[in-house]
Structure formats: structure tokens, C-alpha cells
Asker: 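Structure incoming, see below.
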Amino acid sequence: MRASQYLIATLKETPADAEVVSHQLMLRAGMIRKLAAGLYTWLPLGLRTLRKVERIVREEMDAAGAQEVLMPAIQPAELWQESGRWEQYGPELLRLSDRHNREFCVGPTHEEVITDLIRRELRSYKQLPANFYQIQTKFRDEIRPRFGVMRSREFIMKDAYSFHTDRDSLQETYDRMYQAYCNIFTRLGLDFRPVLADTGSIGGSSSHEFHVLASSGEDDIAFSDSSDYAANVEMAEALPLGSRGAATEELRLVDTPNAKTIAQLVEQFNLPIEKTVKTLVVAASDECEAELIALVVRGDHELNEIKAEKLPQVAAPLRMATEEEIRRVFGAGPGSLGPLNLPIPCIIDRSVETLSDFVVGANIEDKHYFGLNWERDLPVPAVADLRNVVEGDPSPCGGGTLSIKRGIEVGHVFQLGSKYSNAMSATVLDENGKAVIMEMGCYGIGVTRVVAAAIEQNYDDKGIIWPAALAPFSVALVPLNYDKSEAVQAKADELYAALKAAGIDVLMDDRKERPGVKFADIELIGIPHRLVVSDRGLGNGVLEYKGRCDAESRDIAVDDAVEFLKQQLA
RNA sequence: CGGGGUGUAGCUCAGCCUGGUAGAGCACUGUCUUCGGGAGGCAGGGGUCGUAGGUUCAAAUCCUGUCACCCCGACCA
């Protein structure tokens, strides 16, 4: 490609509303432009990278035995009503009506459509297992789209759905997809980890998210320092910590008029925060006799809402009690609650069970109990794992301790089971001629997000540093004085033709710009290899080569250039 | 949805408090000089100041409504 005939829409200044590096650099490098909140146009340069991701995904999906299809972006409401998601899905589902007033939605995902297709097309267990995928535009009406293409409303996703007669077959395909995903992200040159994930409301036995590690990520991932264990913090089990110490303090009621939060309490009374507890009140389930139930975690810990929601005594979905509810039941406000003299049932976190001489709200306005001890002052209530793990916790894998890093979720593999096939009666006949509900798996990759994630992981102060597989162009051929020097022009044209003939993606910067401008643009865009053609070099029979990350350039004999680049790209 | 902020040239922003002829840098057009790290000079083009209304002799500036965008939170899995 000749830069003079190509839209190089680079920006010197960083647009004001771009927060994260990938967003800033994608705008500055001229990869994308915003149309409206969460909607982006891909410019030629950005699209080249996007297509490279798609191609790798396609190759690996095909290699793993999946078949490509393309489903409509617009889907009829009936299918969603059949699965029950028309009601379940909130405003994130963009709904619309056609001229006949029939209801549709813009697909945020395609379980319904594929299940409908498969139940019509597949009759026999002999046709299974089968795995279908597509690369297609989705729409989720995010409340707050942000970070450019990282969390946009419209985005491109590779979604695959597999069908099986039994769980073993599902597990087999799941494992194959897991491996395919590892292959894909490895080929893309990303530092990624598969992590155990929550299966959410859908249930199912197994789920892994694939995260690209980057400090700007929106998810916290817990890693063991002694094994491969990695899990979304939502999922990681918080093991009990040590054992309870002996009581040494008297129980006493203390006035704490200005301590409404743990932070204030700790500061005003100079307490160690791990000797305090937070008492949170949530709606109880039908299994509970009371309407509300108290959940107690250590002052320095956070309640894990997913773990809490899974407890039989707790109402799902989790709902925090309102201040009025709390005052009605306790006669005290949320800042003064505690497990002693509690009018409702109570569940404490494992780490709370091991406390001694600790501080709790007294359930009396502006008062706390100091020096509380289990057994002596009150019986130990129900104990459960209620909190998010924190840095330094013991790893649930049995050895080592956890560290926590930020990740960007770029892929998710999921065993759906029979949720959709059951709701939509997707069956095949088995060996006995009996209709059986198919088991399903689903496997997604955020294609557009991968592009942003790759940048989050690979950039410097000059711009993007593309992994080889993602670079929009592999080589930048930069002739200096192209318009003036016949020698430069002739040699550059010759090299350009030769590189193209060798199948190399080359961008020749034949623009009438000063060298500094060209160099800056090439670096911003992140092209991995740069070859400069100049009168000065040609006089010595050399070209000047510089890799994107090299500190210095080096001279290459003119005649060796094409071969040299082939080697660099191999 | 709650809280905060911003809308002035393609981009980054000043001007608004204290009303009085709409600005700068970058980008763009022409031209001259320069020519290996985002050049300099000269000459240009480009803005109903988001939008609607109000106050006023006079509104980018003050007031009210409205729309859009951004940030924080909640929501969502």
C-alpha cells in the first residue's frame, strides 16, 4: 500500500475523552473514530488489524472442527420469549418493532437463534457432536460504554455453540475449545491466562474466562504463586485463616458517636482494622424465617455478592436492605450493627470465626462493643465463605499464596448444559429412537476487544507496538525525498514491488512529508519493521533497518534487504 | 437512574466570573525557504459559540428549559 493513497489519519494530540491507552492510541493512530456513545467506525488501518484477528480465530476454529455460519443480527422476540430471556434481559437488550409492529431485538448473543436452527436441522444422535460459530456484530446497550472499543455497545464477537447427546461429549468439545482458545491467544502474541469463572445464573459445571493481563483491566484475577491456579476473584474460595486466639479483653460497650464507617472507627479508636467487622444486611430467602439476614465480614474484607447469593438462606438475586428496613428491625442505623443481640439470623465469614477481642456494632445507635469473643459472649453462628479473596490469602489449590492482577476478559468458554435446549425443546433421537434434549456449550471471543487489549499490553511513549500477528502492515518502507530523488524513487519502487511479491504486507510512505513526520507516524501506528531508503544510504549501497523496539537502526546492504526482511518476519 | 463536569474552527483549548466587533496553537489551502526525528516565513479559508427560549439598548458571557458527550457510583454477567 502506498501511504499517499491511503488514509493515514494520525493525530498529534490526544483526544480529551479517551481515558485508557488503547483508546487514546487507536484514535491517535487513526484506527477508529467514534460515531456516537459506544459506536465506532473502523478506519482502513484499524480494520486491517481487526481482520488479522478474525483470520486467526477462523483458522483455529476451523482446525478445531467448528463450522462457520452467519446468523442475523436482528432476532424475532418469539425466540427470546420461548427461552424466557425476553423478560429476564433488562434494558441492555435493544428492542425494536418493524412496520407490522412485530417485535425484534438486536442480538447481544445468539443462543436462541442457533438452538432454533439446530432443533430444525438435526434429527439424530449420529449428527452429533456439532459445533457452529460465527464472527458477527453484536449489540449490548451498556449503561456506560467506555474505554473506546474495549467496552462499546456495538462490537464484533466470535461466538460458537456446540451440541451433544451427553455431558462427556460436551466436556470433550469444551476441552477442545479451551485448547483452541489457548492457540488463538498465543498466536495473537498476548500474555493471557485462562481463569476459573463463575457460571452465573445459567449454572453448569464448568466455565473459564480468558484474560489478557493488563493494569487497565476491569476484572480482578487471583493467581497462586505455586501452581497454575487462576480464578476470577468472584470465584476464588477464601480459605479459613489460622485459628482463634484466646480472649484477653473484657466485653465493654463504648460510645462511638462519630464512627459510622469502619474507616472512622479504626481511625478514632486506633484499632487494627482486622479486629473489626462489617455487618451487612440483605434480604433472606424463603428458607429463612426472617425477612432479613445479616452477613458479617472482617472490616478489611469485601462481601462477595456471588458467594452470598448462592447461600440457601439468602434471597437471589442479592438485595441489600434499605436503611428504613434496617431501622425498623434493629432500631439502629447501618453504621452501628453487629452480631451480638441480633434480632435476625446471621452468617459470618470464615475469617470472622477466628477473631478474638474484636469490635462490633452494638445494634444501638452510636455504640460499639469492644473486646467481643465467640463462645464466651455469644455462640458462633453459621459460618460460610462470604468474602473476596485478597492479596496474600492462601491459595485454594492447596499450596502457595494468592496474588491479584487486573485482566481484560477477551474470551469465555462455557458449558450451558440444557438450559436453552430444554426451554426450546431441542432434541435428537438417540440409539433407542427416543428423543433426548441436547447438551450445549458456548464459546465467545470479543474480537474487537482483543485489538484494544493487545494495545493495552504493547505500547510505549511513541505509540503502539504490534505483536507480529496483529500489525496492520509488517513493514514500513520509508523513502526520504521520494518526490525529488530519482534514485530513491527508483529503488523504493523496486523494493516495494519485491516485498509485495514476497507476500509481505508493506506500507510505502511515499507521502511528501518530512522524515520526522513519517518516522513518528510509523511508530505511532506500530509497524514492526522499518526500512529507510535515502540518497545518503544508497550512496553507500545500504538501506537503514530498524525494528519498532530497537534502540538503534542498522545498515543492510541494498541487495540483501528483501531476504533480510523475510528472515525477520519468519 | 443518582451525583459531578463539559459543549466556542477538523483537534487541543482560551475568552464567560465583571455583557460591548469571536481568539490561540495544531491541522487545512497557496507560496517561498528548509529537507534524516512531529520545520519557519508570508498570504488565506473555516465557527448561527450544542439547541430553544428569557433578561438587556446589546448575550459565547447572565437566567430557564432541553439535547449530546465525559467522569464517579449504582445497575448488568
Asker: Whole angstroms only, please: what is the CD-P distance between A:Glu13 and B:A14?
Answerer: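 A:Glu13 atom CD is separated from B:A14 atom P by 13 Å.
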Asker: Measure the CZ-CD distance between A:Phe139 and A:Glu142 for me, rounded to the nearest 0.5 Å.
Answerer: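 So the gap between those two atoms works out to 9.5 Å.
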Asker: Say you pick atom C1' in B:G7 and the same atom in B:C13; how far apart are they, in whole Å?
Answerer: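 The same atom, C1', in both gives a distance of 12 Å.
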Asker: Taking the six-membered ring for Trp, is the centroid-to-centroid distance between A:Phe132 and A:Tyr443 below 6.0 Å?
Answerer: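 Not under 6.0 Å, so no.
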Asker: Which residue, A:Leu565, A:Ile527, A:Leu495, A:Val475, forms the side chain to side chain contact (heavy atoms under 4.5 Å, CB included) with A:Val506?
Answerer: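 Option passing the side chain to side chain contact (heavy atoms under 4.5 Å, CB included) with A:Val506: A:Val475.
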Asker: Has the side chain of A:Asp510 got a donor or acceptor atom that lies under 3.5 Å from a matching backbone atom of A:Ser4?
Answerer: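 A pair under 3.5 Å: yes.
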Asker: For atom P, what is the distance between B:U48 and B:A58, given to the nearest Å?
Answerer: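 About 22 Å, rounded to a whole number of Å.
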Asker: How does each nucleotide of nucleotides 30-39 of chain B score, in 5' to 3' order, for protein heavy atoms under 4.0 Å: base (B), sugar-phosphate only (S), or none (-)?
Answerer: ----BBBBBB
Asker: State whether A:Arg146 places a side-chain N or O below 4.0 Å from either non-bridging phosphate oxygen (OP1 or OP2) of B:C72.
Answerer: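 Checking B:C72 against A:Arg146, a side-chain N or O does come within under 4.0 Å of OP1 or OP2.
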Asker: Using the ring centroid of each side chain, check whether A:Tyr178 and A:His208 are separated by less than 6.0 Å.
Answerer: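 A:Tyr178 vs A:His208: aromatic centres under 6.0 Å.
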Asker: Any strand counts, and the cut-off is 3.5 Å on both contacts for Watson-Crick or G-U wobble. Which nucleotide pairs with B:C13?
Answerer: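 Matched B:C13 with B:G23 under the 3.5 Å cut-off.
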Asker: Quickly work out the A:Arg151 CZ to B:C72 P distance and round it to whole Å.
Answerer: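 Rounded to the whole Å, the gap is 12 Å.
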Asker: Expressed in angstrom and rounded to an integer, what is the separation of A:Ile306 atom CD1 from B:C75 atom P?
Answerer: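 Whole-Å distance recorded here is 12 Å.
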Asker: Does a side-chain N-to-carboxylate-O contact under 4.0 Å join A:Glu523 and A:Arg548?
Answerer: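 Salt bridge: no.
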Asker: Can you tell me how far P of B:C69 sits from CZ of A:Arg33, to the nearest Å?
Answerer: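 The distance from CZ of A:Arg33 to P of B:C69 comes to 18 Å, rounded to the nearest Å.
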Asker: Say we look at B:G40 and B:G4: how far apart would their C1' atoms be, to the nearest angstrom?
Answerer: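 My reading of the C1' atoms in B:G40 and B:G4 gives 44 Å.
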Asker: Which whole number of Å gives the distance between the C1' atom of B:G45 and that of B:A27?
Answerer: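 Comparing C1' positions in B:G45 and B:A27 gives a spacing of 13 Å.
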Asker: Going by purine N1 to pyrimidine N3 plus the second Watson-Crick contact, or the G-U wobble pair, all under 3.5 Å, which nucleotide sits opposite B:G30?
Answerer: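 By the stated definition (distances under 3.5 Å), B:C42 pairs with B:G30.
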Asker: Would you kindly give the CD-to-P distance between A:Glu142 and B:G73, to the nearest whole Å?
Answerer: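 Going from A:Glu142 (CD) to B:G73 (P), I get 15 Å.
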Asker: Does the ring center of A:Phe564 lie less than 6.0 Å from the ring center of A:Tyr545?
Answerer: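 They qualify: ring centres under 6.0 Å apart.
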Asker: Is it the case that A:Tyr482 and A:Arg2 place a side-chain donor and acceptor less than 3.5 Å from each other?
Answerer: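 Yes - a donor-acceptor pair under 3.5 Å links their side chains.
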Asker: Separation of A:Phe147 atom CZ from B:C71 atom C1', in whole Å?
Answerer: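 Checked: the CZ to C1' distance equals 10 Å.
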Asker: For a quick check of understanding: with a heavy-atom distance under 4.0 Å over all strands, which category does A:Pro91 fall into, base, sugar-phosphate or nothing?
Answerer: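 The answer is nothing, as A:Pro91 stays clear of every strand by at least 4.0 Å.
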Asker: Mapping A:Lys34 and A:Pro15 to their closest nucleotides on RNA chain B, which lands nearer the 5' end?
Answerer: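 First, find each residue's nearest nucleotide; the 5'-ward one identifies A:Pro15.
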Asker: Given the P atoms of B:G20 and B:C63, what is the spacing between them in whole Å?
Answerer: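 One P to the other, the span is 15 Å.
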Asker: Can you tell me how far C1' of B:C76 sits from CD of A:Glu305, to the nearest Å?
Answerer: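 From A:Glu305 CD to B:C76 C1': 12 Å.
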Asker: Examine A:Phe185 together with A:Phe210 and report whether their ring centres are nearer than 6.0 Å.
Answerer: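 That pair passes the under 6.0 Å test.
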Asker: When you compare B:G25 with B:C70, how far apart are their P atoms, in angstrom units rounded to a whole number?
Answerer: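 Here B:G25 and B:C70 have their P atoms 30 Å from each other.
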Asker: Rounded to the nearest 0.5 Å, how far does CD of A:Glu111 lie from CE of A:Met424?
Answerer: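 Spacing of CE (A:Met424) from CD (A:Glu111) equals 10.0 Å.
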Asker: Please state the P separation for the pair B:A39 and B:A22 - nearest whole angstrom.
Answerer: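 So the two P atoms sit 34 Å from each other.
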Asker: State, without any angle test, whether A:Ser418 and A:Glu439 hold a side-chain donor-acceptor pair at a distance under 3.5 Å.
Answerer: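 Note: A:Ser418 and A:Glu439 side chains miss the donor-acceptor criterion.
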Asker: Classify the nucleic acid contact of A:Arg144 as base, sugar-phosphate or nothing, counting any heavy atom under 4.0 Å across all strands shown.
Answerer: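 The residue A:Arg144 makes base contact.
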Asker: Take the protein atom CE of A:Met157 and the nucleotide atom C1' of B:A77, then report the distance between them rounded to whole Å.
Answerer: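 Between C1' of B:A77 and CE of A:Met157: 12 Å.
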Asker: Which atom pairs link the protein and nucleotides 2-7 of chain B when you take only N or O atoms and keep those under 3.5 Å?
Answerer:
none

